Structures are given as C-alpha cells and as structure tokens.
There are 2 protein chains.
Amino acid sequence: MFTTTTSTPVLDARTARPSPASVSADPFQTIDHIGLAVTEFRYRRDEEIYGEDEPAEYVYQVRSGAVRSYKLLSDGRRQIGAFHLPGDVFGLASGEVHRLTAEAIADTRVRFVRRESLEHAAERDAGVARSLWAITAGDLRHAEDHMLLLGRKTATERVAAFLLEMDRRLASAKMLALPMSRRDIADYLGLTLETVSRTLSQLHAQGVLDFAGARHIALRNRHSLHRMNA
Amino acid sequence: MFTTTTSTPVLDARTARPSPASVSADPFQTIDHIGLAVTEFRYRRDEEIYGEDEPAEYVYQVRSGAVRSYKLLSDGRRQIGAFHLPGDVFGLASGEVHRLTAEAIADTRVRFVRRESLEHAAERDAGVARSLWAITAGDLRHAEDHMLLLGRKTATERVAAFLLEMDRRLASAKMLALPMSRRDIADYLGLTLETVSRTLSQLHAQGVLDFAGARHIALRNRHSLHRMNA
DNA sequence: CGTCCATTTGAGGTGGATCAACCCTAGTGG
DNA sequence: CCACTAGGGTTGATCCACCTCAAATGGACG
C-alpha cells in the first residue's frame with residue numbers, strides 16, 4: 001500500500017531491455033509493512049537476470065514463471081543450486097556480489113527492490129532484519145539438505161527427492177507442471193539428463209508416477225517416493 | 001551437564017582468526033562489549049555437541065580443536081557439511097532446531113552463549129543483527145561452493161579444493177596439521193576414504209605435496225592445486 | 001617395543017556417464 | 001484444423017571413475 005513507482009531501474013547493459021515496469025499493488029510478503037519501492041520486470045526464457053560476481057544491486061521475488069540459480073566450472077559443467085518458484089525471494093546476498101547466476105527458465109515475471117533500501121530498513125526495523133536473516137537461513141537449510149543429496153544419495157533417491165520437493169512447492173492440482181528441462185533437473189541433482197530420464201521411466205514402469213507429456217507428472221505413490229528418498 | 005567456567009574472556013587474536021564464513025562478523029566480539037555471559041566448555045574426541053533436530057539453545061565458537069557438522073541417512077551414509085576450526089562460529093540456526101549434528105573431531109574447547117540472548121541483542125542492536133545475518137550468509141556461501149564440488153567435480157578436483165581450503169583456513173606454519181581422519185575428509189568430499197587416500201598418494205607422487213605422517217601435509221605446488229580445482 | 005587402528009595399496013565390480021540413434025510432441029505455419 | 005519440424009526426451013550399448021572388498025603397512029600411544 002506504500003508502494004511507489006520508480007523509473008525503470010538501470011540494469012546491466014547486457015541484461016537491460018525495455019519492458020513496462022508496472023506498479024505492484026502488494027509488496028514482498030516479507031517486507032510488506034514497509035514502504036519500499038517495488039518494481040516489476042519480465043524476463044524471457046533463458047534470459048539472465050544477474051550473473052555470478054556481479055554487484056548485488058537488487059533483491060527479487062518470482063511472481064510467475066521460474067528461475068534457476070547456478071554456478072559454472074570453466075569447462076561448462078553446471079551445478080544448479082536452487083529453483084525459484086512463484087513467491088520465492090532470490091538474489092538476497094548479504095555481501096556485495098551475487099554468488100550464482102540467475103536465469104529465467106520460462107518467461108518469468110519478477111518484482112524487485114534495491115538491496116540497499118532493504119538493508120537500510122533493516123537498520124531501523126528489527127523485524128525486517130529478522131526477515132532477511134530468515135530468508136538466508138532458509139536458503140542455507142535447503143543447501144544443507146542438497147549437499148546430503150549430492151554427496152551421498154543414489155540416482156533414484158535424488159529423483160525421488162526432486163519429485164517430492166516439486167510436489168511440495170508446486171502443489172497446484174494433482175499434476176506437477178515442471179517448468180524445467182531434463183538437463184536442468186540433471187544439473188540440479190548432479191546427474192546426467194539420460195540418467196534422470198531413465199530413472200523417471202523406471203518410476204513410471206513401477207507405477208509410482210504417470211506422465212502427461214514429459215513435463216506433466218502425476219505422483220501415484222508418494223509413500224514409495226518417501227521410502228526411496230532414504 | 002553443563003558444569004562450566006563462567007568467564008568473559010577477551011578474544012585472543014591468535015586463536016580467533018576470522019573464519020572464512022564470518023569475516024568481520026563475530027557476535028562473540030560484540031557480546032564481549034555488551035557484557036553477555038559467555039561460557040566455556042570442553043568436549044572430548046568424537047563427543048556430540050548437539051544433535052540434528054535438537055532445540056538450538058546455544059551458539060558456539062571454537063576456541064581450540066575442531067568440529068564436524070553432518071547429516072546422516074538412515075543406513076549410515078554421512079555427509080559432512082562443514083568443518084569448524086578455531087575462531088569459527090557454529091550452531092547458529094535462525095530456526096528453533098539444529099539442522100545438523102555437531103561433533104568434536106579432536107579434544108575441543110568451545111565458548112557459547114544462549115541463542116536467545118543473541119536474538120534479544122539483535123532486536124536492540126542492528127549491528128548484532130547484521131553480524132548474525134552475515135554469519136549465516138557466509139555459511140550459505142560455503143554451502144553453495146560445496147554443492148558445486150559435490151555435484152560436479154572429479155575426485156582430484158575435490159581433494160585439491162579441500163587442501164586449498166584447509167591451507168587457507170588453518171595456515172599455521174608451512175605444514176597443514178589436519179585434525180580429521182581420511183573418513184571425515186571422504187564424507188566431506190562425497191567420496192570414499194580409499195579414493196581420498198589414493199588421490200593424496202597420487203598428488204604426492206606428482207610432487208604436489210609432501211607428507212610428514214598422514215595428517216601433516218606440506219603443499220609444494222599450490223599453483224597446480226589451483227589448476228586442478230577447475 | 002608391542003598393540004591397535006588409521007592409512008595405504010591391490011584387485012575386481014558397478015552405477016552412472018558417455019556415445020549414439022531414435023522418438024515424440026509442442027509449437028509453427030499453412 | 002491439420003501437417004510439418006526442430007528440439008526435447010527416451011532408449012540402447014558400452015565405458016570408466018570411483019566404489020567395494022580385501023590385505024598389507026605403518027605410526028601413534030601405552
């Protein structure tokens with residue numbers, strides 16, 4: 001309700017593009033009690049939102065679509081650290097630069113605020129400070145779980161964990177509508193896309209899930225997925 | 001259980017070097033200034049400091065020795081998320097419970113404060129709040145780097161990364177004095193202890209490092225380790 | 001100086017990667 | 001509304017980095 005319209009923010013020259021920045025009626029849920037300028041922006045499929053080691057000027061929230069955050073090795077190997085789905089806040093670095101690259105998986109709408117204004121608000125309002133900390137702590141918890149998955153789980157356990165995570169986070173109808181490709185899933189789970197595909201086929205053969213096109217999956221037996229997740 | 005020596009010791013600059021996870025963000029330093037009760041305690045080798053899912057009552061700082069934080073799967077597979085060395089703060093959960101188990105690797109002295117008092121201090125002092133956030137953000141950054149290692153790096157790259165991390169963090173003399181076993185290293189790197197041992201032997205054969213007993217390693221060629229780390 | 005466990009080394013096995021077709025389907029344009 | 005097609009997805013065959021199982025070695029500590 002305190003939301004104000006700012007001019008289209010200056011973005012990195014490579015990622016900047018004309019787009020109508022519409023006024024949002026409701027600010028980020030975590031900071032909704034303070035009057036910060038919140039702006040909207042759209043990114044097309046595969047468009048970069050920010051790059052690793054770029055100054056962290058903005059903090060984002062997904063409104064629709066999906067985002068992947070990843071790190072690359074020099075030879076192109078990629079590790080996706082997290083998928084950001086509608087409602088998720090991302091790009092909140094406590095430091096000066098982003099530690100991962102963020103890209104739109106599909107056409108995506110985001111809202112964002114300047115990191116600086118959030119930090120100023122946190123200096124004045126302990127509740128805001130607590131919120132920022134809680135978001136980072138939530139990301140850390142996810143990363144800790146994911147380290148266990150990447151370091152110690154089998155391919156089947158990883159895929160089961162992925163399906164359960166998406167089921168929990170996308171929980172729309174009975175059908176999971178996955179926005180990401182098999183390659184994205186593989187790079188999230190530390191596998192190859194072939195292994196992801198084979199494992200999903202195997203789960204289908206076991207009657208654990210049904211397909212309605214490769215990216216629409218219905219979980220038929222969550223209990224056995226939980227058992228598989230070790 | 002907590003028969004302790006109450007004290008408000010001045011942080012020793014030698015033993016409390018800034019941890020990579022919390023550069024210039026030491027709540028214990030702040031606490032010394034605002035006069036919170038800080039207590040010391042000693043744990044023996046392999047003793048548990050806190051368990052996964054236990055209420056997070058205290059926040060700790062290593063004074064001497066070393067600590068491992070890990071998660072277990074039901075069949076005993078273990079993933080160590082981090083090693084905590086002198087100066088490091090650990091056990092700082094923003095939530096109500098610990099997400100990992102912490103154990104002393106060797107005989108270890110720690111200081112601790114009640115999480116509650118830190119959080120109360122954070123409500124009054126934005127600097128403390130910033131410190132707590134910065135520590136969690138540092139842990140997150142470490143976890144993000146470690147996900148890349150666990151998901152995408154080869155055995156040689158992992159071992160090289162481990163050696164460089166330890167070199168940076170416990171660089172005392174020219175010799176690394178590793179407090180942890182090959183099994184601990186393996187569970188940190190998502191490998192088996194045999195693979196860690198073989199890889200170290202190989203690096204020794206290549207003249208990259210020298211041994212003075214299995215746990216005392218001198219890096220002879222940091223440049224080639226950096227190259228190996230991809 | 002002997003014992004015990006951590007570590008090293010060896011030999012063989014395997015889960016997932018790689019290389020290679022082929023298939024499907026969502027999106028496009030007619 | 002249908003036909004076409006490119007790119008995502010599936011499946012098959014083979015390979016290999018790392019794991020597993022096994023045994024020898026060594027170094028820390030009494």
Side-chain angles (χ1 to χ4, degrees), chain A residues 44-46 66 68 73 75-79 105-107 149-162 175-206 209-217 228 230, chain B residues 44-46 68 73 75-79 105-107 149-160 162 175-206 209-217 228 230:
Chain A
R44 282 182 248 91
R45 188 172 195 279
D46 294 332
R68 58 182 167 247
L73 293 174
D75 63 358
R77 281 173 289 171
R78 183 178 69 160
Q79 179 62 47
I105 292 175
D107 291 358
L149 179 150
L150 293 170
R152 290 303 183 209
K153 289 189 181 177
T154 66
T156 303
E157 288 164 355
R158 294 178 199 210
V159 171
F162 170 76
M175 188 76 44
L176 290 184
L178 299 177
M180 70 290 284
S181 68
R182 295 293 187 264
R183 168 161 296 284
D184 286 337
I185 299 171
D187 285 350
Y188 180 58
L189 299 179
L191 300 170
T192 59
L193 65 91
E194 292 95 331
T195 297
V196 170
S197 178
R198 269 184 249 276
T199 305
L200 287 171
S201 297
Q202 199 175 296
L203 293 176
H204 181 233
Q206 292 169 22
L209 55 82
D210 276 346
F211 283 109
R215 297 193 186 186
H216 289 81
I217 296 180
M228 284 175 194
Chain B
R44 285 184 303 282
R45 189 172 193 280
D46 294 332
R68 58 182 167 246
L73 293 174
D75 62 358
R77 280 173 289 171
R78 183 178 68 159
Q79 179 62 45
I105 291 175
D107 290 359
L149 179 149
L150 293 170
R152 290 303 182 209
K153 289 189 181 179
T154 65
T156 302
E157 288 164 354
R158 293 178 200 211
V159 171
F162 169 76
M175 187 80 40
L176 289 184
L178 299 178
M180 70 289 284
S181 69
R182 295 292 187 265
R183 168 161 296 284
D184 286 337
I185 299 171
D187 285 349
Y188 180 59
L189 299 180
L191 299 169
T192 59
L193 66 91
E194 292 94 332
T195 297
V196 170
S197 178
R198 270 184 248 275
T199 304
L200 287 171
S201 297
Q202 199 175 297
L203 293 176
H204 180 233
Q206 292 169 20
L209 55 83
D210 276 345
F211 283 109
R215 297 193 187 185
H216 289 82
I217 296 179
M228 284 175 194

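Source: prediction; values computed, not measured.
With rounding to the nearest 0.5 Å, the separation of CG in D210(A) from CG in L176(A) is 12.0 Å. Taking CD1 of I217(A) as the reference point, atom CZ of F162(A) lies at 7.5 Å (rounded to 0.5 Å). Distance OG/S181(B) to CD1/I105(B): 8.0 Å, rounded to 0.5 Å. Annotation: the span from L189(B) atom CG to Q79(B) atom CD amounts to 8.5 Å, rounded to 0.5 Å.
A straight line from CG of L191(B) to P of dG15(C) spans 18 Å, rounded to a whole angstrom. Rounded to whole Å, the distance from CZ on R158(A) to C1' on dG15(C) is 11 Å. Between L189(A) atom CG and dA17(C) atom C1' the separation is 15 Å, expressed in whole Å.
The shortest non-hydrogen separation linking A186(A) to T192(A) is CB-C, 3.4 Å.
Axis angle between the ends of the helix from dC1(C)-dG30(D) to dG30(C)-dC1(D), five pairs each and rounded to 10 degrees, works out to 50°.
In this structure, the side-chain contact (heavy atoms from CB on, under 4.5 Å) partners of R182(B), at least two apart in sequence or on a different chain, are I185(B), L193(B), V196(B), L200(B), F211(B), A214(B). Legend: residues meeting side-chain contact (heavy atoms from CB on, under 4.5 Å) with Q206(A), ordered by chain and number and at least two apart, are Q202(A), L203(A), V208(A), M228(A).
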Can you build the contact string for nucleotides 5-13 of chain C? Use B for base contact, S for sugar-phosphate-only contact, and - for no protein heavy atom under 4.0 Å. -SSBBBB--

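Of all nucleotides in DNA chain D, those with any atom nearer than 4.0 Å to a heavy atom of chain B start and finish, going 5' to 3', at dC18(D) to dC21(D).
Between G213(A) and A155(A), it is A155(A) whose nearest contact on DNA chain C lies nearer the 5' terminus.
Heavy-atom contacts from other residues, nucleotides or ligands closer than 6.0 Å to CZ of R215(B) number more than 12.
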Dump the intermediate steps for side chain to side chain contact (heavy atoms under 4.5 Å, CB included) on V159(A) and R198(A), then the final yes or no. CA-CA 10 Å; V159(A) 171; R198(A) 269 184 249 276; over 6 Å; no

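Evaluation of the salt bridge (Lys or Arg N to Asp or Glu O under 4.0 Å) test over residues 187-196 of chain B, restricted to residues two or more places apart or in two chains, returns R152(A)-D187(B), R78(B)-D187(B).
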